[in-house]
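Notes follow once the structure below has been shown.
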Amino acid sequence: QSTWGTIAAVTFGLYVPLNNTSVLIPIITGAAESLLDRQRVEEELFEVITANQAALLEIETEDALVDSLVARMRERGTRPRELVLGGSGPNGVRFRDLQRGDVAAALDVLRMKQRVSI
């Protein structure tokens, strides 16, 4: 058990002992909802970039670009959901404040998919 728990912690995974199977359905459902929500954040970011392309192209550094995108998405009220074990929301999923890392990751995905060129 401790070996698997350590591996899960090091890889940012989740270890659920089989003697605790009652939490598997909420974990699986919550993880799926979190993944779908990341896709929602990516789509909202795509909309922000599309609507503000000219202004965004004038930004000189990557840090300034991400900061600008974070501010624009917060103005829209974008709030991602995350899985929290023992959380009070459905399937342990709750809303949280948008973070810089959320936007940077979504921007990376959009670039990888070649949906944006900024």
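Here the side chain of Arg74 pairs a donor or acceptor atom with the backbone of Leu98 at under 3.5 angstrom. At least one donor-acceptor pair closer than 3.5 Å links the side chain of Thr78 to the backbone N or O of Met73. For Ser68 (side chain) and Ala64 (main-chain N/O), no donor-acceptor pair under 3.5 Å exists by modelled atom type. Side-chain atoms of Asn52 do not come within 3.5 Å of backbone N or O of Ile49 as any donor-acceptor pair.
At least one side-chain heavy atom of Leu107 sits under 4.5 Å from a side-chain heavy atom of Arg111. With contacts defined as side-chain heavy-atom distances shorter than 4.5 Å, the pair Arg94/Arg81 does not qualify. Between Glu82 and Glu33, the closest side-chain pair of non-hydrogen atoms is not below 4.5 Å.
The heavy-atom pair separating Leu110 from Phe46 by the smallest distance is CD1-N, 3.8 Å. In plain terms, the two heavy atoms of Arg40 and Phe95 that are nearest each other are NH2-CE2, 4.4 Å.
Note on Arg96 versus Asp37: no salt bridge recorded, every NZ/NE/NH1/NH2 to OD/OE distance being 4.0 Å or above. Salt bridge annotation for Glu44-Arg79: absent, with no cationic side-chain nitrogen under 4.0 angstrom from a carboxylate oxygen. The residues Arg100 and Asp63 are annotated as salt-bridged, a charged nitrogen and a carboxylate oxygen being separated by less than 4.0 angstrom. At a threshold of 4.0 Å, the pair Glu42-Lys113 counts as salt-bridged, since one of the basic side-chain nitrogens sits closer than that to a carboxylate oxygen.
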